[in-house]
Trainee: 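One structure is given below, represented as C-alpha cells, and several questions about it will come after.
As the structure is a prediction and not an experimental result, all values here were calculated from the model. Ligands are counted one by one from 1 in listed order, and the atoms in each one are counted from 1 as well.
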Amino acid sequence: MAKQQVILTGDRPTGRLHIGHYVGSLRSRVELQNEGDYKQMFVFIADAQALTDNIDNPEKVRQNVIEVALDYLACGLDPKQVTLFIQSQIPELCELSFYFMDLVSVSRLQRNPTVKTEIQMRGFESSIPVGFFTYPISQAADITAFRATTVPAGEDQKPMIEQATEIVRRFNHIYGETLVEPQIKLPSNAACLRLPGTDGKAKMSKSLGNCIYLADTADEVQKKVMSMYTDPTHIHVSDPGHLEGNCVFTYLDAFCKAEHFERYLPDYPNLDELKAHYTRGGLGDMKVKRFLANILQEELEPIRNRRKEFEQDIPGVYAMLKAGCETARATASGVLDDVRRAMKINYFDDAALIAAQAERFASK
Ligand code: ATP
Ligand code: MG
C-alpha cells in the first residue's frame, strides 16, 4: 500500500531548542524519519509566528533561525529525507491564514487554553497583538497547506490541532472536500507531554529561562542538573522524599532506560526501586541528580558533537534551508490552487467561467 502519512511540525525561533522540545517532539520526529513510513515529512522554523510576540526584536528571531536549524541537524533530522524550511518564505501560508480568519470567531479564539496561558505569561492582557491572538489560525494554515495528517507535538499543541481540525471541517463543509484533517501525535510517555523547567515550573520554555538546551556544554548541563528543583521538604538524607512536582524524577521518567542502571547506578535494578527508596527516606538528592546528569550527558553528547560539525558549514546550512523552502513552496502552492478553486476565486484559469459569463452577457 502507498504510504499515506504526511508529517509536519515546527518550532518558534525564539531561542535554542531544549530537552523539553526533544522529548516532546524532536525525538519522535527523528524516530518517524528513521522508520520511513511516510509520504512526506516537513519540519519548519516558525519565524513569522515568533514575530507575533517579538515584533520589536527581529534580530532575536533572525539569530535563532540558524540556531534551531543547527539543533534539528544535530538531533539527526536529515534534509535528504525531510524538508526543512522557514515559514516566512512561504507566502501561501499568509494567504491561507487570511481565508481561514473568516471561519473562526473571536470567542472561539478566546477559549483556547494555551493562548490564554501564553497571554498571561507575556503580560499581554490588555494589549494582545492581533497576530499573536490569531496564531492558532496561522498554525492551521501551516498544517493544512501541506495536507499534513500527523503532527508530532507536545501537549500544549492539542488546542491548536483541535482548532485546525475545526477549520478544515468548516472549510470542507462550505467549499467541498479540499483539505485534510490533521492528528496530533503526542509522546506516549506521560513525562514527555510537558516537561517541567529546572525550576520546577510547569513547563520548560525558552521564554521562562528554565531550560537545559541541547547545545549546552557538558559543564552547563552538570551545573543545571545539580541545582535543579527537587522536594523542598527533603532536607536530610533520612527524610522521606516526595516525587510529585519533583522534576528530577520527572526527567528520569522521560530519559531513563534499564541499561542506565547497569552503567551508572548498579545498586538499583530499576526506576521504581529508586523511587521507593527516595520516598521511604535514606536516599539523597545529590545521588539522584548525579545519576540524571550521567544519563543526560550520554544522550546529549552525540547531539552536541554533531552540532559542532554542522557549525563548521553555516553557508551549507542556509543553502539546505533555501532548497527546503523551494520544495515546501511548491507543495503549498499546489494546495493553494485547490483552495482558490474551491473558494471560487480562480478567475483566470477557468475557461468555462469566462465562456459562461460571456454567454450570459451576450444573451442580455
Ligand atoms: P516559546 O516559549 O517561545 O513558546 P517553547 O519553548 O514553548 O517556546 P515552541 O517553539 O513553542 O517552544 O514549541 C515547539 C514544540 O516543542 C511544540 O511541539 C511543543 O509542544 C514542544 N514543547 C515545547 N516545550 C515543551 C516541553 N516543556 N515539554 C514538552 N514539549 C514541549
Ligand atoms: Mg510555545
Side-chain angles (χ1 to χ4, degrees), residues 7-32 42-55 57 60-61 63-65 67-69 71-72 75 77 84 86-87 112-124 129 131-133 135-136 138-139 142-143 148 150-164 182-216 224 228-229 247 250-251 253-255 296:
I7 301 164
L8 177 133
T9 42
D11 303 274
R12 295 152 41 91
T14 48
R16 287 175 291 149
L17 298 183
H18 53 64
I19 61 172
H21 299 118
Y22 185 68
V23 298
S25 167
L26 265 174
R27 186 161 65 180
S28 91
R29 293 179 208 172
V30 177
E31 280 163 17
L32 285 164
F42 298 94
V43 177
F44 73 101
I45 304 177
D47 61 338
Q49 191 191 111
L51 284 167
T52 63
D53 55 330
N54 288 281
I55 198 62
N57 208 348
K60 168 177 156 189
V61 174
Q63 297 296 333
N64 281 309
V65 165
E67 297 282 357
V68 171
D71 284 330
Y72 285 166
C75 284
L77 287 176
L84 300 172
I86 307 174
Q87 185 187 29
N112 185 312
T114 301
V115 176
K116 267 193 200 163
T117 318
E118 291 179 334
I119 285 171
Q120 263 175 4
M121 228 171 80
R122 288 163 176 75
F124 272 161
F132 183 80
F133 180 62
Y135 93 72
S138 119
Q139 218 164 299
D142 299 336
I143 296 167
T150 312
V151 181
E155 197 180 32
D156 61 326
Q157 293 305 306
K158 241 169 118 181
M160 308 306 159
I161 308 300
E162 280 161 17
Q163 178 73 81
Q183 275 190 330
I184 191 164
K185 186 174 176 2
L186 291 169
S188 48
N189 177 340
C192 303
L193 289 172
R194 187 177 302 233
L195 198 76
T198 48
D199 55 358
K201 288 222 178 81
K203 181 174 176 271
M204 179 174 287
S205 166
K206 299 177 217 118
S207 311
L208 295 174
N210 56 7
C211 306
I212 295 179
Y213 292 100
L214 295 173
D216 276 348
K224 287 182 183 178
M228 257 170 84
Y229 180 88
C247 45
T250 315
Y251 288 21
D253 281 330
F255 283 97
L296 288 182

Trainee: Does H18 come within less than 4.0 Å of ligand 1, judged by its heavy atoms?
Mentor: yes
Trainee: Can you sort out which atoms of ligand 1 are near G154, meaning under 4.0 Å from one of its heavy atoms?
Mentor: 18 (O), 19 (C), 20 (O), 30 (N)
Trainee: Would a 4.5 Å heavy-atom cut-off, applied to side chains only, mark S205 and M121 as touching?
Mentor: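 SC-SC contact between S205 and M121 confirmed.
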Trainee: Applying a strict 4.0 Å limit to heavy atoms, is R29 in contact with ligand 1?
Mentor: no
Trainee: Are more than 12 heavy atoms, taken from residues, nucleotides or ligands other than Q63, located less than 6.0 Å from that residue's CD atom?
Mentor: yes
Trainee: Taking the side chain as every heavy atom from C-beta outward, state whether Q139 and D142 have any atom pair closer than 4.5 Å.
Mentor: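 Yes; the side chains approach each other to less than 4.5 Å.
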Trainee: Which residue supplies the protein heavy atom nearest to atom 7 (O) of ligand 1, what is that atom called, and how far is it?
Mentor: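 Result for atom 7 (O) of ligand 1: K203 NZ, 2.5 Å.
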Trainee: Any idea which atoms of ligand 1 are less than 4.0 Å away from a heavy-atom of T14?
Mentor: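 Close to T14: 1 (P), 3 (O), 8 (O).
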Trainee: Before signing off on this row, confirm whether M204 and ligand 1 have an N or O atom pair separated by under 3.5 Å.
Mentor: yes
Trainee: Can you find a pair of side-chain heavy atoms, one from V115 and one from P159, that are under 4.5 Å apart?
Mentor: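 When only atoms from C-beta onward are counted, P159 and V115 do not touch, as no gap falls below 4.5 Å.
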Trainee: Indicate yes or no: does an N/O atom of S25 lie under 3.5 Å from an N/O atom of ligand 1?
Mentor: no
Trainee: Going by the angle between their ring planes, with limits at 30° and 60°, are F255 and Y22 parallel, tilted or perpendicular?
Mentor: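 If you compare the ring of F255 with that of Y22, the planes turn out parallel.
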Trainee: Can you tell me which residue and heavy atom of the protein come closest to atom 30 (N) of ligand 1, and the distance to 0.1 Å?
Mentor: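 Answer, as residue, atom name and distance: G20 O, 3.3 Å.
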Trainee: Which ligand 1 atoms are under 4.0 Å away from a heavy-atom of A153?
Mentor: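 Numbered from 1, ligand 1 contributes 18 (O).
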Trainee: Show me which atoms of ligand 1 lie under 4.0 Å from any heavy atom of D156.
Mentor: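 Per the distance check, 19 (C), 20 (O).
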Trainee: Numbering the atoms of ligand 1 from 1, which are under 4.0 Å from a heavy atom of G24?
Mentor: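 Atoms satisfying the 4.0 Å criterion: 29 (C), 30 (N).
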Trainee: Can you check whether I19 reaches L195 side chain to side chain, under 4.5 Å on heavy atoms?
Mentor: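 SC-SC contact between I19 and L195 confirmed.
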Trainee: How far is atom 8 (O) of ligand 1 from the closest protein heavy atom, and which atom is that?
Mentor: K206 NZ, 3.1 Å
Trainee: Identify the closest protein heavy atom to atom 4 (O) of ligand 1: which residue and atom is it, and at what distance?
Mentor: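 Atom 4 (O) of ligand 1 sits closest to the protein heavy atom R12 NE, 3.1 Å.
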Trainee: Taking all non-hydrogen atoms of both residues into account, name the closest pair between H21 and R16 and its distance.
Mentor: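 That would be CE1-O, 4.4 Å.
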Trainee: Is it true that T9 lies under 4.0 Å from ligand 1, counting heavy atoms only?
Mentor: no
Trainee: If you count the atoms of ligand 1 from 1 in the order shown, which ones are under 4.0 Å from a heavy atom of C192?
Mentor: 29 (C)
Trainee: Side-chain contact test, heavy atoms from C-beta onward, threshold under 4.5 Å: evaluate it for Y135 versus M160 and give yes or no.
Mentor: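 They are in side-chain contact.
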Trainee: Within the structure provided, determine whether Y213 and K224 are in side-chain contact (heavy-atom separation under 4.5 Å).
Mentor: yes
Trainee: Considering only heavy atoms, which of Q157, K158, R194, H21 lies nearest to atom 23 (C) of ligand 1?
Mentor: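 Selected option, by shortest heavy-atom distance: H21.
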Trainee: Check whether any side-chain heavy atom of D11 lies under 4.5 Å from a side-chain heavy atom of I45, and answer yes or no.
Mentor: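 No; the side chains remain at least 4.5 Å from each other.
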Trainee: Starting from atom 28 (N) of ligand 1, which protein heavy atom do you reach first, and at what distance in Å?
Mentor: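 It is L195 N, 2.8 Å.
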Trainee: Verify the neighbour count for atom NZ of K158: are there more than 12 heavy atoms of other residues, nucleotides or ligands below 6.0 Å?
Mentor: no
Trainee: Are side-chain heavy atoms of D47 and Q87 found at a separation under 4.5 Å?
Mentor: yes
Trainee: For atom 14 (C) of ligand 1, grab the closest protein heavy atom and report residue, atom and distance to one decimal in Å.
Mentor: D11 OD1, 3.1 Å
Trainee: Under 4.0 Å, heavy-atom basis, I'd like to know which part of R122 is in contact with ligand 1: side chain, backbone, both or neither.
Mentor: side chain
Trainee: How far is atom 2 (O) of ligand 1 from its nearest protein heavy atom, and which residue and atom is that?
Mentor: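 Closest protein heavy atom to atom 2 (O) of ligand 1: S207 OG, 2.6 Å.
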